[in-house]
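Just so it is clear, the model here is predicted, and its values are computed rather than measured. In the text below, chain A, chain B and the rest are named by the order of the sequence lines, each starting its count at 1. What's counted below: heavy atoms across the whole structure, side chains too, no hydrogens, waters or symmetry copies.
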Amino acid sequence: MEQPKTSSPPVLDDRFTINIKGRDFVLYTGLLDLAHRKGLKGITVEAIQYPTKDNGMEGICKATVESKDGEEYIEIGDANPRNVASYIAGHVLRMAATRAKARALRDFVNVGMTCLEELGDMDDVIGNNGAKTASNTKKTAKRQPKANPSTDEQGSTEPQKSPVTPIITGSPKMSTAQKTAILNLSKRRGINEEELKTMVEDAYNVTFDQMTSKDAAQFIRSLQQAA
Amino acid sequence: MDIKELRKKPHLSHSSINTYMECGLNYKFSKIDKLQPQFTSDNLVYGITVHRVLADFHQERLIGKLLTAADLCDLFGKYWKRAAENNESIKYSKNNHYDGLLSDGKALMAAYHRHLPKDLYTIVAIEEPFSITVNGLEVPIIGVMDLVEEDSAGTIVITENKTSAKAYSNTQIDKNLQLTVYQIAARSNGYKDREILLRIDCLVKTQVPTFKTYYTHRDSLDEHRAVRKIIKVWDGIKKGVFIPNDTSWKCPYCEFKDPYCDQWFAEGYGGNNGRTE
């Protein structure tokens, strides 16, 4: 007799966990994978604080995870040159965004493990006095998923079958007037289009044309203040 | 709302605030004493003419008709003739004259048409009068917005048309009080929750006329600063503080210089005998 089919709730795939010095960590890609299976609708990221000399180059971002059921999970992530690896120090806002997204995703998918990408450096795991060697890092890298990997800016891998642009459902796109204003303002500030694109990507983790209206409004304010 | 009616009651406007800040005595002569200016400056008449043409241009846009460059030139000619021909009260600046400004104006209109912004948004209002009250100010602030538009996402774009002898600096745009007042007015008059962008469309009267568009933005702190400044201006006016600014580059072109300003400075002067040794 055929057994009735039951659907069990999605769980985190073991492929996306990693053990370093006895501590378990989840990979961001794993959170994303699980979030998709649990009905992720979108992730919105908002820069709360831009890194400036006055605030010790600390960037703060807010991430909002929205499910198809209408649930919302909001978390904050921060990053500054003192709590990120030296090779990320120039991209603290992006790191703050990643941390915020990871924390909000963990709440959504109900995973208590810290996300590896939330860490500033391996020192955070093994301690400054620990035996940090290149082989440690290589070993962990081997355990990452192999299927269709693509590397993001943090060096983690991501299966291509479940791409999530860190935008943006429910938030309207940048308007034509906002786009024109940004181009006009940046030109007046001596910022060329290439620099502008980089600034947007650093600050919002999206391309210029993908900006939301809210991001654009915020960016216009920051350009204005850059006078 | 009729701007002529609004002007009959005590009020402040961007222009009067600016006049007071630039030269208190000029404000006193024009707004308090209501003295008849000795002449009208050619720049003023020219600027008003350009405004009229652009208002017509946008009025036609509102009904779906895009005027040609030739149309704009014709309109300039018509309005300039009406305002300036045989008008002996106009004082022309050095090297300016009726015919010269007529042809300059037409060239300027052609430049405007040539450099029209690519994004023509939906027109919400043209020459829109407003009157707002702010806390701590006993009189309303009134004015007229040249153009209010809205893009497809609902962003409001408020444009002020200008003619200028040279291009504006960033500071002139970013600290422009007139635009801040417009934003305060827009927020008070139904656009509180909308994204507002401010723009100056400037026709630059260089030898080869050019057209420049400047976008800018104001936040709540900018609005607060503007209000504090305006309240202080009103405070000064109420107390009768009218400090002359006789080192301004505008003095030689001031319509009150001769005789009012010179007379004011001479009051109480007893010649050489009056010198304190």
Side-chain angles (χ1 to χ4, degrees), chain A residues 42 44-50 52 54-55 60 62 165 167-193 195-197 199-200 203-204 206-227, chain B residues 115-124 147-160 167-176 179-180 182-183 186-187 191-202 204 210-226:
Chain A
T44 312
V45 182
E46 185 186 341
I48 304 287
Q49 177 177 291
Y50 288 90
T52 63
D54 291 342
N55 60 31
I60 303 176
K62 182 175 92 174
T165 322
I167 32 169
I168 302 303
T169 50
S171 182
K173 276 194 74 179
M174 167 172 65
S175 75
T176 324
Q178 285 178 313
K179 185 176 177 179
T180 310
I182 288 174
L183 291 170
N184 185 280
L185 270 165
S186 44
K187 194 174 170 190
R188 285 208 282 124
R189 304 277 183 264
I191 300 166
N192 66 36
E193 276 199 42
E195 289 168 328
L196 175 67
K197 283 176 186 169
M199 284 169 75
V200 169
Y204 301 101
V206 294
T207 63
F208 178 53
D209 287 326
Q210 283 179 317
M211 284 178 96
T212 64
S213 172
K214 208 171 167 184
D215 288 344
Q218 199 173 46
F219 193 58
I220 288 168
R221 277 193 282 279
S222 68
L223 281 172
Q224 183 82 16
Q225 283 158 8
Chain B
H115 295 101
L116 262 183
K118 285 175 192 159
D119 302 306
L120 291 173
Y121 311 124
T122 306
I123 294 175
V124 176
L147 179 65
V148 183
E149 294 169 292
E150 179 181 27
D151 77 358
S152 56
T155 304
I156 296 294
V157 183
I158 303 171
T159 301
E160 170 66 15
Y168 283 99
S169 70
N170 280 349
T171 308
Q172 283 174 308
I173 300 294
D174 296 335
K175 302 287 180 195
N176 184 291
L179 293 179
T180 315
Y182 288 174
Q183 174 158 309
R187 291 213 185 284
Y191 296 119
K192 192 178 176 193
D193 300 319
R194 298 283 277 277
E195 193 58 38
I196 297 176
L197 291 171
L198 305 163
R199 194 174 87 190
I200 287 182
D201 279 355
C202 184
V204 190
T210 54
F211 173 69
K212 286 186 178 291
T213 293
Y214 304 94
Y215 276 86
T216 186
H217 175 273
R218 299 290 183 272
D219 61 21
S220 53
L221 179 60
D222 296 320
E223 292 180 19
H224 177 76
R225 287 171 64 109

Minimum heavy-atom distance between B:Thr213 and A:Asn184, given as atom pair plus value = O-ND2, 2.8 Å
ask   = Got a sec, which residues hit salt bridge (charged side-chain N to carboxylate O under 4.0 Å, His left out) with B:Asp201, two or more places apart in sequence or on another chain?
value = B:Arg199
remark   = With sequence neighbours left out, the residues meeting salt bridge (charged side-chain N to carboxylate O under 4.0 Å, His left out) with B:Arg225 are none
From B:Glu195 atom CD to A:Ile220 atom CD1, the distance as rounded to the nearest 0.5 Å = 6.0 Å
key: Heavy-atom contact with chain A under 4.5 Å, split by part of B:Ile156   = neither
ask   = What heavy-atom pair brings B:Asp174 and A:Arg188 nearest, and what distance separates the two atoms?
value = OD1-NH2, 3.1 Å
Exercise: identify the closest heavy-atom pair between A:Ser175 and B:Thr155 = OG-OG1, 2.9 Å
remark   = When every non-hydrogen atom of A:Thr176 is compared with those of B:Ser152, the smallest separation belongs to OG1-OG, 4.0 Å
task = Give, for atom CD of A:Gln224 and atom CG of B:Leu198, the distance between the pair rounded to the nearest 0.5 Å.
result = 8.5 Å
message = Between the side chains of B:Asp222 and A:Arg221, is the shortest nitrogen-to-carboxylate-oxygen separation below 4.0 Å, so that they form an ion pair?
response = no
inquiry  = Taking atom CD as the centre, does A:Glu195 end up with more than 12 heavy-atom neighbours from other residues, nucleotides or ligands that are less than 6.0 angstrom away?
reply    = yes
inquiry  = Quick check: closest heavy atoms across A:Ala177 and B:Leu197, and the distance to 0.1 Å?
reply    = O-CD1, 3.4 Å
key: Reported CG-to-OH distance for the pair A:Leu183 and B:Tyr215, which is rounded to 0.5 angstrom   = 10.0 Å
